[in-house]
Amino acid sequence: MNEWIVILLRSIALFFLALILIRIMGKRQPARMNPFSFVNYAVIAIITALISLNVIKNLVLGLIALGIWVVLPIAVDFLAIKSKWVHDWVNGKATILVKDGKVMEENLIQVRYTGEELLRELRSKNAFNLADVEFAVMETTGDINVLLKSDKKPITPFDLGRKVAPQPESQTVILDGNMLNEPLSNLGLNQEWLNDQLERIGVSAANVFMGQVDGSGELYVDLFDDAMQVPKPKVKELVYANLEKARADLMSFALETKDNQAKDMYSKDAEKLKQVIEKLEPYLLR
Amino acid sequence: MTVGSKVKQTLSSLKSAKSTIEIYATQSQNEEAAHAFREATGMVKGVINDLEKRIQTLEFEEPQYKGL
């Protein structure tokens with residue numbers, strides 16, 4: 001047999017074999033691997049290349065080697081799930097580099113980092129001041145993760161003591177002018193509803209590049225025609241303003257009327273509306 | 001503008017707010033949000049009932065403005 005045919009057949013077979021093997025080995029990100037996994041993948045790649053190029057003449061021997069380098073990592077991964085000891089032994093442990101705001105010099109030497117490299121990694125995590133860092137740890141993948149001091153952390157609604165409405169993920173219901181039925185039915189809506197909404201803002205589905213429905217059922221569209229302005233939904237703000245106005249009206253009625261019973265009723269209702277407004281504020285405005 | 005017509009205006013804006021809140025109560029994906037909207041609908045409904053009763057009294061007192 002001609003050598004080129006051998007290489008052709010081997011390459012085609014190994015292409016698919018490698019594809020399947022890598023799929024079996026899992027979907028961990030190559031960039032987030034620990035160093036040994038990287039070596040492992042490299043060995044698989046090299047063996048595959050060597051077999052494919054007919055450098056390893058004996059196909060069986062090549063496949064045995066390949067099989068070992070595929071099966072063993074999977075076996076070790078399973079063992080690591082079962083046993084903490086194996087896990088620590090295979091993956092190593094995270095190393096604490098900064099604790100209570102103080103750099104742990106011994107640990108830094110252990111992972112062979114200079115102070116400058118540490119600062120560079122901290123900067124890449126947006127911690128430009130060493131003084132802002134409460135805690136930093138090198139993960140087994142070599143990544144450095146940083147916890148900022150509590151007064152330097154980005155502020156959250158929780159810090160402000162404000163309630164915010166939960167925001168479920170949006171569903172994409174129109175792509176390239178086509179309505180997608182599955183996400184629509186996930187939301188409990190149908191094409192009729194969508195047509196109705198599109199008619200309200202005055203566009204046809206064919207003119208919509210992307211359309212999303214957010215958690216409160218509001219439709220947002222991006223049109224092919226960028227010159228066209230789509231009215232943004234402001235219904236929630238309007239409802240809020242309406243309620244506020246009604247409350248103010250009730251309060252002024254309470255002041256104006258001379259009927260004591262009516263005065264009581266108006267002020268009681270104004271109080272009720274105030275409660276409604278407070279309750280709905282996170283959902284209507286945020 | 002008479003008191004009666006002012007109250008009626010407030011009533012109608014409350015009614016429109018209530019119907020919009022009802023729509024949100026049904027189309028909210030999140031159970032917590034839907035619950036808050038539903039509760040709000042009930043409270044606004046109470047206020048609307050009060051106002052409707054008040055309008056009846058006002059119309060009785062000032063029959064010349066009835067229906068405005």
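Lettering follows sequence order; numbering is per chain, from 1.
When all heavy atoms are compared, the tightest approach of B:A40 to A:V276 is CB-CG1, 3.8 Å. Closest of all the heavy-atom pairs between B:M43 and A:K272 is CE-O, 3.9 Å. Of all the heavy atoms in B:A36 and A:Y283, the pair that sits closest is CB-CE1, 3.5 Å.
Atoms OH and CG, from B:Y24 and A:L284 in turn, are 7.5 Å apart once rounded to the nearest 0.5 Å. Atom CG of A:L238 is separated from atom OG of B:S13 by 11.5 Å, given to the nearest 0.5 angstrom. Atom CD of A:Q261 is separated from atom OG1 of B:T57 by 8.5 Å, given to the nearest 0.5 angstrom.
Counting heavy-atom neighbours within 6.0 Å of A:F224 CZ, excluding the residue itself, gives a total above 12. Within a 6.0 Å radius of NZ in A:K149, other residues, nucleotides and ligands contribute more than 12 heavy atoms. More than 12 heavy atoms of other residues, nucleotides or ligands sit less than 6.0 Å from atom NZ of A:K268.
A salt bridge links A:D259 with B:R54; the closest basic N to acidic carboxylate O contact falls under 4.0 Å.
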Fill in: Audit row: B:K6, A:E256, side chain to side chain contact (heavy atoms under 4.5 Å, CB included) steps and yes/no
CA-CA 12 Å; B:K6 273 202 258 177; A:E256 279 167 15; 3.6 Å; yes
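For B:T41, no part lies under 4.5 angstrom from a heavy atom of chain A. With a 4.5 angstrom heavy-atom cutoff, B:I23 does not touch chain A via any of its atoms. The part of A:T257 that comes within reach of chain B is its side chain, from C-beta onward, which places non-hydrogen atoms under 4.5 angstrom from that chain.
Looking only at side-chain heavy atoms (C-beta outward), B:L14 and A:L273 come within less than 4.5 Å of each other. Considering only heavy atoms from C-beta on, A:Y266 comes within 4.5 Å of B:L51 through its side chain.
Ranked by non-hydrogen atom pairs under 4.5 Å with chain A, the options B:T20, B:V7, B:T26 are led by B:V7.
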